[in-house]
Amino acid sequence: MDNKEYTFKGTVMNGFLMLFVNISVLILALASIVYSIILLDDSNGAEGGWLLGGSILLIAINIIMWFGLMMLEPNEANVTTWFGKYSGTFSETGFYWICPFYGTKKVSLRARNLDAEPIKVNDKTGNPVMIGLVLVWKLKDTYKALFEVDSQTMASNPNTVGSDTKGLMNALENFVRVQSDAALRQVAGQYAYDDEDSKDNEPTLRSSADEINEQLEQKLDERLALAGIEVVEARINYLAYAPEIAAVMLRRQQASAIITAREKIVEGAVSMVKMALDKLSNDNIVDLDDDKKAAMVSNLLVVLCGDDSAQPVVNTGTLNH
C-alpha cells in the first residue's frame, strides 16, 4: 500500500509566543470592557456601546485562539484535518500553536507490548495444542491508523476516540490482538508440534523456533500493514499440548525416552561383554568353549541391562566336568 501520510504544511507558531499574545489580548479586552462601562456611565452611550461590543467580540476570538495551543512529547504526533479533509501529521516535539479550526487527533508513536493469552489450535497433524505469543508493535503510518481502519467501533468507549490518545491506542490494540490471534492460528496450523509427529525431518513448533517466529512476523506484517502498524518483534512464548491430550502425550514421550535409554544401555552392555571376552582370551586367563561363552554373555547382559542390583553367586566347582 502507498504511504498516504505527509507532514503538516499549515502555519505553525511558537506556543509560548502565542500564549503571551493571548494573555495580552485578554487583558486588553477586559480593560476595554471596563472602559466601555465607564463611557456608558458618562452618557457616551454610542461610543461605549461600540467599544463594549468590540471587546466582547475580541474575548470570543481570544477564547477560540486558546484552542490552537498544543504540546507534543517525544514519539507523539497530531493528525490534523481541515473540516474533515486530512491536512497532514505534525510530530515536532515542543509547545506550538496552529489555527484552532484544524481538527487534531493525538496519537502515540511509542512501542507497545501485547502479551496474548495462549489459545487452542490444531497443529499440522491435528493435535490440539496451546500456543501464545508476545508482540512488540508501534504506529508507523498515522493516516492508515485513523482513516483506513474503523477505530471508532473498535474502542471500548467510542466517545473517547479522537479526543483521548489512550482510547484511540486501545482501539488499535484491539485490532492488533484480533489479527495476532488469526496469524498465530495460521502459522501454528502449518507445523507439527514435535519431531515425533513430523515426517522427513520437517521443521516443528518445538524445534524450529527461529523459523516459526520469522513466519509469524511476516504474517503479522501483512495483516497489520492495513492499519499502518509496524511489527518490531513477534515471538512464541508459550507452547504445550492441550490439557485433554497432555497426559497421553506425556506418556508417549516417557516411553520414547525409555526406549532411547534402553538402546544406549544395550549398546554399552554388548560393548562391555565383547571387551570382557577379548580380555579373557588375549590374556589366556581361561579357555571357554561356545556354550560357556554363551552362558557368560547371557549372565553379563542380564547384570548390565537389569534394573535391579546383581546378586553374586560363588561357584566352588570347576569349569570342566
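Connection of Met65 to Phe95 is established within a shared hydrophobic cluster, with ILVMFWY side chains joined at heavy-atom distances below 4.5 Å, either directly or through further cluster members. Cluster membership check: Ile131 does not share its hydrophobic cluster with Val134, using side-chain heavy-atom separations under 4.5 Å among Ile, Leu, Val, Met, Phe, Trp and Tyr. Leu52 is not connected to Leu58 by any chain of hydrophobic side-chain contacts under 4.5 Å among Ile, Leu, Val, Met, Phe, Trp and Tyr, and they are in different clusters. Cluster annotation: Leu146 is not connected to Tyr102 through the hydrophobic network of ILVMFWY side chains, with a link wherever side-chain heavy atoms come within less than 4.5 Å. Under the 4.5 Å side-chain heavy-atom criterion for Ile, Leu, Val, Met, Phe, Trp and Tyr, Ile119 and Val187 are members of the same hydrophobic cluster.
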Exercise for review: Mind running side-chain contact (heavy atoms from CB on, under 4.5 Å) on Val232 and Trp137 for me, showing each step along the way?
Suggested key: CA-CA 5 Å; Val232 179; Trp137 63 277; 5.7 Å; no
Practice item. Step by step, work out the side-chain contact (heavy atoms from CB on, under 4.5 Å) result for Leu26 and Asn22. Key: CA-CA 6 Å; Leu26 179 61; Asn22 282 349; over 6 Å; no
Check your understanding: What's the verdict on side-chain contact (heavy atoms from CB on, under 4.5 Å) for Val129 and Val121, showing C-alpha distance, side-chain angles and the deciding distance?
Key -> CA-CA 6 Å; Val129 299; Val121 301; 3.6 Å; yes
Check your understanding: What do the steps show when you test Arg223 against Gln186 for side-chain hydrogen bond (donor to acceptor under 3.5 Å, both in side chains), and what is the final call?
Key -> CA-CA 12 Å; Arg223 293 173 176 272; Gln186 181 180 1; 3.1 Å; yes
Exercise for review: Check step by step if side-chain contact (heavy atoms from CB on, under 4.5 Å) holds for Glu117 and Tyr238.
Suggested key: CA-CA 9 Å; Glu117 291 291 331; Tyr238 183 88; over 6 Å; no
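Using a 4.5 Å heavy-atom cutoff, the side chains of Ser180 and Leu114 are in contact. Between Arg206 and Tyr193 there is a side-chain heavy-atom pair separated by less than 4.5 Å. Looking at Thr104 and Val79, their side chains never come closer than 4.5 Å, going by heavy atoms from C-beta outward. The shortest side-chain heavy-atom distance between Trp82 and Cys99 falls under the 4.5 Å cut-off. Side-chain contact between Phe90 and Leu72 is present, with at least one heavy-atom pair separated by less than 4.5 Å. Residues Ile59 and Leu30 are in side-chain contact: their nearest non-hydrogen atoms beyond the backbone lie under 4.5 Å apart. Contact of the Leu109 side chain with the Lys138 side chain is not registered, since no non-hydrogen atoms from C-beta on lie closer than 4.5 Å. Contact check for Lys4 versus Glu148: side-chain heavy atoms found under the 4.5 Å cut-off.
Counting heavy atoms of neighbouring residues, nucleotides and ligands inside a 6.0 Å radius, atom CD of Glu214 does not exceed 12 of them. Phe101 CZ: 12 or fewer foreign heavy atoms inside a 6.0 Å radius. For Lys9, the NZ atom sits in a packed shell: over 12 heavy atoms of surrounding residues, nucleotides or ligands are nearer than 6.0 Å.
Rounded to the nearest 0.5 Å, atoms NZ (Lys106) and CE (Met70) are 9.0 Å apart. Distance check, rounded to the nearest 0.5 Å: CD1 of Ile98 to CE of Met13 gives 12.5 Å. Rounding to the nearest 0.5 Å places CG of Asn170 at 9.0 Å from CG of Leu168. Atom-to-atom distance recorded for Phe16:CZ and Leu69:CG is 10.0 Å, nearest 0.5 angstrom. Of the inter-residue distances, the one linking Phe67 atom CZ with Trp97 atom CH2 reads 13.5 Å to the nearest 0.5 angstrom. Once rounded to the nearest 0.5 Å, the distance linking CG of Leu205 with NZ of Lys124 reads 11.0 Å.
The minimum heavy-atom distance linking Ala111 with Val136 is given by the pair CB-CG1, 4.2 Å. The two residues Ser87 and Thr81 come nearest to each other via the heavy atoms OG-C, 3.7 Å. Nearest heavy atom pair, residue Leu135 against residue Ala234, reads CD1-CB, 3.8 Å. When every heavy atom of Val107 is checked against every heavy atom of Thr142, the shortest pair comes out as CG2-CG2, 3.7 Å. Residue Ala77 comes nearest to Ser91 through the heavy atom pair CB-CB, 4.0 Å, listed as atom of the first residue, atom of the second, then distance. Closest approach of Ala225 and Lys144 over heavy atoms only: O-CD, 3.6 Å.
Distance alone, capped at 3.5 Å, places no donor-acceptor pair between the Asp123 side chain and the Tyr191 backbone. Although no hydrogens or angles enter the test, the distance criterion places a donor-acceptor pair under 3.5 Å between the side chain of Asn237 and the main chain of Leu133.
Trp66 meets the ring pair (Phe, Tyr, Trp, His ring centres under 6.0 Å) test with no other residue; sequence neighbours excluded. The ring pair (Phe, Tyr, Trp, His ring centres under 6.0 Å) search around Tyr86 returns Tyr6, Tyr143, Phe147, not counting sequence neighbours.
Salt bridge Asp181/Arg177: absent, no basic N to carboxylate O contact under 4.0 Å. Glu217 and Lys219 are not joined by a salt bridge, as no carboxylate oxygen comes within less than 4.0 angstrom of a charged side-chain nitrogen.
Applying the side chain to side chain donor-acceptor pair (under 3.5 Å) test to residues at least two apart or on different chains, the pairs with a partner in residues 68-80 are Glu73-Arg110.
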